[in-house]
Amino acid sequence: MFMTVFLLEFQSWYWTGCFDDPELQGAFDAMNEPTTSQAFGQGFLTLLRSDDTVAWGIALDFYDRAEMTSRFVGGNPFEDHGEEVCQVARELLRQPPRPVDERTRIEGANHASALAALWRFGLEDGDADAIAAVLERMPDMELRERAMDAARVLLGDSEAPDERLSALVARVEECYERVQAVRALRDSQEAAATEQLVLATKDDEWRVRQEAAAALSSGRRFYAHRPLLERLAGTWSDDERSGAADEVRSALSEGPHSLHWEGVELEAELRRAHAEMRSPSGEEAHRSAFCALLRSRRPEAVGIALDHYRLADGLTRFGIDGGEYAAEVLAIARDVLGRPSPAAGAEHASAFGILSELGEPEDAETIAAALRRREAPAVVRESAVDAAWECLERWDTPDEGVVTALEGLIFDGSGDAELRVQAVNALVGLGPVEQVTAVLRRAARSADLPVQVEAAVGLTFPDLIDEHRELVREVAGAWPQDAGERAAFVRQKLAD
């Protein structure tokens with residue numbers, strides 16, 4: 001048994017490598033850290049001989065990786081276990097396709113790993129039905145390519161090629177040519193492209209129909225074609241699954257409520273506007289709903305509108321240009337911040353969210369005042385730190401008052417530890433600004449390790465590291481070995 005960098009740097013094609021079982025986790029870790037050849041090989045066998053689908057899949061991925069790189073190193077270290085590998089692969093192919101979850105990277109990861117392990121040298125005529133079953137699902141790219149490679153090898157090696165498999169290969173090739181043609185129309189705003197997409201929703205192949213529907217669900221096309229998309233989505237069976245179908249269903253689903261206003265009660269008219277904004281029936285209706293909430297002067301409605309301006313799935317979800325409303329939104333946010341906030345702080349939190357995106361140097365004192373206000377609700381101070389972070393990065397010159405207020409927060413020992421670290425992060429990457437660098441140097445000597453580490457990270461930026469290397473080396477030398485990934489990052493920077 002021997003190891004190569006090709007395997008030690010590898011983890012898996014399709015699996016995340018997280019196990020509840022300590023033995024399996026240990027076996028996986030032994031294959032991903034510097035270790036002995038014996039421990040490496042034992043890790044592989046532990047995974048391969050378990051009864052866990054994820055462990056099997058990872059072992060098969062390692063086998064495929066080893067086979068792929070064997071010509072560079074003189075062989076596959078797992079070659080003696082090829083028969084076991086093929087047995088496990090066929091067991092995985094007999095399973096239903098595994099759905100995407102926290103342990104997988106693609107749907108059907110079990111089938112992809114099995115085909116990866118078999119397709120070079122392990123295929124037999126009896127595998128034709130299993131490969132055909134994969135291709136009939138018209139899977140997304142990675143699994144589809146694995147199945148197509150396996151099918152072509154099997155057909156090429158067989159004296160009497162399987163007719164069903166041969167027909168499926170031709171069908172899949174044809175189908176995905178049309179899928180690619182549909183995708184090529186997606187970014188075009190021409191009316192002719194939209195007409196072709198609508199026509200493609202009637203294609204003989206469900207996979208093409210779904211791809212066309214996904215293109216129509218993207219951007220402002222969604223508004224005009226929502227009824228069509230609803231009808232199409234209602235016709236797709238449970239077996240007709242694709243990323244395109246998920247995209248359509250996501251577009252049709254209800255968007256987020258807000259960032260800070262869950263549980264509030266709106267009066268009937270505003271409640272209808274909120275519902276329209278979360279699931280718009282048309283572009284003008286979406287715009288009208290947003291404006292109705294924004295201009296209502298009801299704090300809850302205004303706050304929800306401000307949140308929706310920021311949310312990725314909010315106002316701009318289907319291509320409305322948020323810049324059209326930027327001046328009005330900023331003016332309203334400033335007005336909100338000019339008034340006292342109720343104890344919960346949601347109004348000011350939503351308004352500071354707007355300053356994060358649109359705030360100008362004239363808003364600096366408002367941000368600094370919130371950072372200094374110890375009695376402010378946590379959500380307000382968190383939003384103010386976020387606003388400081390984004391604005392300092394965006395403004396041509398860091399505002400001295402904001403930097404001073406962040407410094408006060410960083411060294412407030414009674415403050416929330418995570419918020420203090422975020423305050424350090426707000427100063428990182430601003431370049432060699434004397435005031436900022438002075439704060440980072442002071443924070444690097446903080447009594448609190450997380451603050452110290454983040455400040456050291458800031459001092460390792462290319463325009464600061466040469467001048468501050470000795471300070472960073474000194475403080476890093478006192479850190480415990482288990483100080484975390486950020487500390488490891490600093491140590492690596494010092495070693496470069």
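Residues: numbered from 1 along the sequence shown.
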At their closest point, which heavy atom of [X] faces which heavy atom of [Y], and how far apart are they?
X      : Y      : value
Ser113 : Asp61  : OG-OD1, 2.8 Å
Val302 : Val336 : CG1-CG2, 4.5 Å
Arg137 : Pro97  : NH2-CB, 3.5 Å
Ala487 : Val453 : N-CG1, 3.7 Å
Tyr309 : Leu315 : CD1-CD2, 3.9 Å
Leu330 : Leu358 : CD2-O, 3.7 Å

Worked check of side chain to side chain contact (heavy atoms under 4.5 Å, CB included) between His308 and Arg278
CA-CA 9 Å; His308 267 257; Arg278 297 181 70 184; 4.2 Å; yes

Reported [atom1]-to-[atom2] distance for the pair [X] and [Y], which is rounded to 0.5 angstrom:
X      : Y      : atom1 : atom2 : result
Glu360 : Leu355 : CD    : CG    : 9.5 Å
Leu232 : Thr201 : CG    : OG1   : 5.0 Å
Asp463 : His468 : CG    : NE2   : 9.0 Å
Asp101 : Thr16  : CG    : OG1   : 7.5 Å
Met277 : Ser288 : CE    : OG    : 12.0 Å
Leu293 : Arg298 : CG    : CZ    : 11.5 Å

Within the 4.5 Å heavy-atom criterion, are Phe222 and Leu252 side-chain neighbours or not?
yes

Would you say the side chain of Met138 lies within less than 4.5 Å of the side chain of Cys175, judging by non-hydrogen atoms?
yes

Using side chain to side chain contact (heavy atoms under 4.5 Å, CB included), reason through Glu174 and Glu205 one step at a time and then give a plain yes or no.
CA-CA 10 Å; Glu174 230 179 275; Glu205 290 286 358; over 6 Å; no

Counting distance only, does the side-chain N/O of Asp203 pair as donor-acceptor with the main-chain N or O of Arg209 below 3.5 Å?
no

Determine whether more than 12 heavy atoms belonging to other residues, nucleotides or ligands lie under 6.0 Å from atom [atom1] of [X].
X      : atom1 : result
Glu467 : CD    : no
Glu418 : CD    : no
Glu269 : CD    : no
Glu262 : CD    : yes

Examine the side chains of [X] and [Y] and answer whether a donor and an acceptor come within less than 3.5 Å of each other.
X      : Y      : answer
Gln180 : Arg183 : yes
Trp13  : Glu142 : no
Glu254 : Ser279 : no
Trp389 : Asn425 : no
Asp412 : Ser414 : yes
Gln492 : Asp496 : yes
Tyr14  : Arg146 : yes
Asp29  : Gln25  : yes
Ser350 : Trp261 : yes
Thr104 : Trp15  : no

What's the verdict on side chain to side chain contact (heavy atoms under 4.5 Å, CB included) for Val264 and Ile304, showing C-alpha distance, side-chain angles and the deciding distance?
CA-CA 10 Å; Val264 301; Ile304 288 171; 4.1 Å; yes

Quick check with a 6.0 Å cut-off and a 45 degree axis cone: is Arg144 positioned over the face of Tyr176's six-membered ring?
yes

Give the table of side-chain donor-acceptor pairs shorter than 3.5 Å for residues 364-376, with sequence neighbours excluded, one pair per line with atom names and distance.
| unit_1 | atom_1 | unit_2 | atom_2 | d |
| --- | --- | --- | --- | --- |
| Glu365 | OE2 | Arg372 | NH2 | 2.6 |

I'd like to know if Asp204 and Arg178 make a salt bridge, using a cut-off of under 4.0 Å between side-chain N and carboxylate O.
no

Would Thr53 and Gln95 satisfy side chain to side chain donor-acceptor pair (under 3.5 Å), going step by step from the backbone distance to the final call?
CA-CA 9 Å; Thr53 292; Gln95 295 178 349; 3.0 Å; yes

Would you list the atom pairs, donor with acceptor, under 3.5 Å between side chains in residues 214-221 and any protein atom, with sequence neighbours excluded?
| unit_1 | atom_1 | unit_2 | atom_2 | d |
| --- | --- | --- | --- | --- |
| Ser217 | OG | Ala214 | O | 2.8 |
| Arg220 | NE | Glu283 | OE1 | 3.3 |
| Arg220 | NE | Glu283 | OE2 | 3.4 |
| Arg220 | NH2 | Glu283 | OE1 | 3.4 |
| Arg220 | NH2 | Glu283 | OE2 | 2.7 |
| Arg221 | NE | Thr194 | OG1 | 2.9 |
| Arg221 | NH1 | Arg186 | O | 3.0 |
| Arg221 | NH2 | Ser188 | O | 2.2 |
| Arg221 | NH2 | Thr194 | OG1 | 3.4 |

Which donor-acceptor pairs under 3.5 Å do the side chains of residues 426-438 make with protein atoms, sequence neighbours left out?
| unit_1 | atom_1 | unit_2 | atom_2 | d |
| --- | --- | --- | --- | --- |
| Gln435 | NE2 | Glu400 | O | 3.2 |
| Gln435 | NE2 | Thr404 | OG1 | 3.0 |
| Thr437 | OG1 | Val433 | O | 3.0 |

The complete set of side chain to side chain donor-acceptor pair (under 3.5 Å) pairs with one or both residues in residues 317-329, sequence neighbours excluded, reads Arg287-Glu324, Arg287-Tyr325, Arg295-Glu328

For the pair Phe10 and Phe62, name the ring-plane relationship: parallel under 30°, tilted 30 to 60°, perpendicular over 60°.
perpendicular

Residue pairs, two or more places apart or on separate chains, that pass ring-ring contact (aromatic ring centres under 6.0 Å, His included) and touch residues 226-258:
His257-His274

Please name all residues satisfying side-chain contact (heavy atoms from CB on, under 4.5 Å) with Asp335, sequence neighbours left out, ordered by chain then number.
Arg339

